[in-house]
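Beneath this line is the structure, given in structure tokens, with notes to follow.
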2 protein chains.
Amino acid sequence: MEFQVKFDINEKIFLRNPESSEVGRQMVKKAIDLIYELGFEQFTFKKLALEISSTEATIYRYFENKHRLLLYILNWYWSYMEFLVTFQLENVSDKKERLKIILNLLTQEPTESTNQFDYNKKLLNQIVIAESSKVYLVKEVTEINKNEVFKPYKDLCGKIAEVISEYNPKYKYPRSLSTTLIETSHHQQYFSINLPKLTDVSSENSSNFTSKFIEDFLFKVLD
Amino acid sequence: MEFQVKFDINEKIFLRNPESSEVGRQMVKKAIDLIYELGFEQFTFKKLALEISSTEATIYRYFENKHRLLLYILNWYWSYMEFLVTFQLENVSDKKERLKIILNLLTQEPTESTNQFDYNKKLLNQIVIAESSKVYLVKEVTEINKNEVFKPYKDLCGKIAEVISEYNPKYKYPRSLSTTLIETSHHQQYFSINLPKLTDVSSENSSNFTSKFIEDFLFKVLD
DNA sequence: TATTTGAGATAGTATTACTATCATATGAAA
DNA sequence: TTTCATATGATAGTAATACTATCTCAAATA
């Protein structure tokens with residue numbers, strides 16, 4: 001079975017919908033490749049324009065600045081994650097199993113994209129790990145939050161919080177635990193590769209280290 | 001009782017030691033004010049030069065770029081935190097109490113700096129919450145890590161991990177739990193102020209929300 | 001006293017992050 | 001089929017950023 005998913009991204013994020021044209025779609029696809037390759041700081045619209053054989057001016061007609069473009073990509077990712085959670089939880093009633101499915105989604109590398117029209121999920125996942133905090137750790141966070149541009153992240157968090165509460169209705173901090181799971185999965189994956197002394201990875205336990213760590217703490221917190 | 005603390009910051013971080021001159025000291029002090037005020041992205045050496053009535057060229061003689069200056073500030077902070085942990089743990093033998101002291105240091109606003117020669121700890125704390133991840137979430141992380149510039153963070157992590165292991169020697173992930181405590185305390189403090197829907201704060205439980213969440217979390221994991 | 005060193009002043013460059021204008025192609029509406 | 005709106009590309013230009021280089025002067029040091 002194969003299918004594509006589309007999400008309605010909040011219109012406040014872009015000036016012109018990149019889904020509405022070929023350049024727009026190319027723009028987002030190549031942006032993912034470039035941000036992965038260069039890191040967000042070194043990524044520029046000039047470099048992206050060159051890559052898609054277009055111009056800076058054209059890109060600026062779609063996105064106000066590179067921060068917005070990153071936000072667009074992350075909104076897509078968060079929507080996609082919420083979709084995956086919903087989809088994979090379908091018909092699973094065991095409450096522990098439901099949590100495990102979520103942990104799996106948060107810590108496993110996504111499967112390779114099979115069709116060329118889709119975004120590259122592996123690169124996207126790496127971008128989320130290394131760059132996602134840069135969209136909210138900015139001075140203007142309150143201002144940009146007014147346009148509900150973080151709604152997909154909040155929704156994902158809310159969905160995971162629900163599953164947590166189903167499992168243990170007495171637990172008092174389902175949302176905070178939910179963001180902690182998400183953020184910690186990013187940190188520990190990043191640290192275990194780049195700054196392993198900040199973790200407990202070793203050559204023996206390196207495979208799925210983050211999974212094991214997070215699963216261990218989640219069930220200790222909830223049981 | 002009042003005293004000042006000095007730390008030897010890794011020489012690879014700066015070109016010229018800012019502690020060695022008055023401009024240098026002013027530079028770091030004012031950088032803390034400015035980064036707090038503008039956020040790291042909007043902070044520039046030009047603005048800092050103006051603020052200390054010096055020139056960009058002078059600042060560049062001390063620091064290669066603003067990333068290094070932020071790293072310098074964070075190294076000082078991490079060293080300071082490790083000092084505080086060591087100091088406040090002195091003569092406390094109760095193992096649970098020792099963990100509680102650490103949690104307190106991670107989640108409480110620091111006390112106002114009493115003397116003008118010292119850095120402003122409250123601003124520093126806010127900078128750590130909002131900007132610290134930007135020093136390691138960069139493409140060049142492996143390269144800059146070679147100079148041991150993250151040693152103070154790793155040492156702090158190691159020290160907290162020791163206290164965790166004392167409390168529960170069987171726990172398998174003391175370092176990862178340690179970084180999770182540190183990073184989660186930053187996230188939850190930031191979210192509870194700026195994106196409260198990502199947490200469980202409410203008007204009733206807002207005071208020390210992060211403290212309560214993390215304490216609950218830590219002892220459930222370790223007991 | 002001679003010499004090194006640090007700071008300030010000044011200038012200059014490449015790149016970034018935009019904004020503006022105009023011509024042309026395309027596709028839909030009349 | 002013509003008309004017209006709209007998107008794109010080409011080009012240009014600006015202010016700010018992130019540097020580097022050079023020279024002078026003053027103060028510390030040998």
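Axis orientation changes by 10° from one end of the helix from C:dT1-D:dA30 to C:dA30-D:dT1 to the other, with each end axis drawn from 5 pairs and the value rounded to 10°.
In this structure, CD of A:Gln26 is placed 16 Å from C1' of D:dG9, rounded to the nearest angstrom. Here the P atom of nucleotide D:dG9 and the CG atom of A:Leu50 are 13 Å apart, to the nearest Å. In this structure, CZ of A:Phe40 is placed 12 Å from C1' of C:dA17, rounded to the nearest angstrom. Between B:Lys46 atom NZ and D:dA15 atom C1' the separation is 11 Å, expressed in whole Å. As a whole-Å value, the separation of B:Leu38 CG from D:dT17 P is 10 Å. Straight-line distance from the CD atom of A:Glu19 to the P atom of D:dA7: 16 Å, rounded to whole Å. Between the CZ atom of A:Phe63 and the P atom of C:dC18 there is a distance of 14 Å, given to the nearest Å.
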Are any protein N/O atoms closer than 3.5 Å to N/O atoms in nucleotides 18-25 of chain D? If there are, list each pair with its distance.
unit_1	atom_1	unit_2	atom_2	d
D:dC19	O5'	B:Tyr60	OH	3.1
D:dC19	N4	B:Glu56	OE1	3.4

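Between A:Glu22 and A:Arg25 there is a salt bridge, with a side-chain nitrogen of the basic residue lying less than 4.0 Å from a carboxylate oxygen of the acidic one. Under the 4.0 Å criterion applied to side-chain N and carboxylate O atoms, A:Glu143 and A:Lys146 are assigned as salt-bridge partners.
Considering only heavy atoms from C-beta on, A:Lys122 stays 4.5 Å or farther from A:Asn125 through its side chain.
In this structure, B:Tyr62 reaches the sugar-phosphate backbone alone: every heavy-atom distance under 4.0 Å involves primed, P, OP1 or OP2 atoms, never a base.
Shown are B:Tyr119, B:Trp78, B:Trp76, B:Tyr77; of these, the ring pair (Phe, Tyr, Trp, His ring centres under 6.0 Å) with B:Phe7 is made only by B:Trp76.
Judged by distance alone, the side chains of A:Thr179 and A:Tyr153 never bring a donor and an acceptor atom under 3.5 Å apart.
Taking the six-membered ring where the residue is Trp, the centroids of A:Phe14 and A:Tyr62 are separated by 6.0 Å or more. Ring-centre distance between B:Phe217 and A:Phe217: below the 6.0 Å cut-off.
Rounded to the nearest 0.5 Å, atoms CD1 (B:Ile13) and CD (B:Glu148) are 10.5 Å apart.
Residue B:Arg16 places its side chain closer to C:dG6 than to any other of C:dG6, D:dA10, D:dT8.
Under a cutoff of 6.0 Å and an axis angle of 45°, A:Lys197 and A:Phe191 do not form a cation-pi pair.
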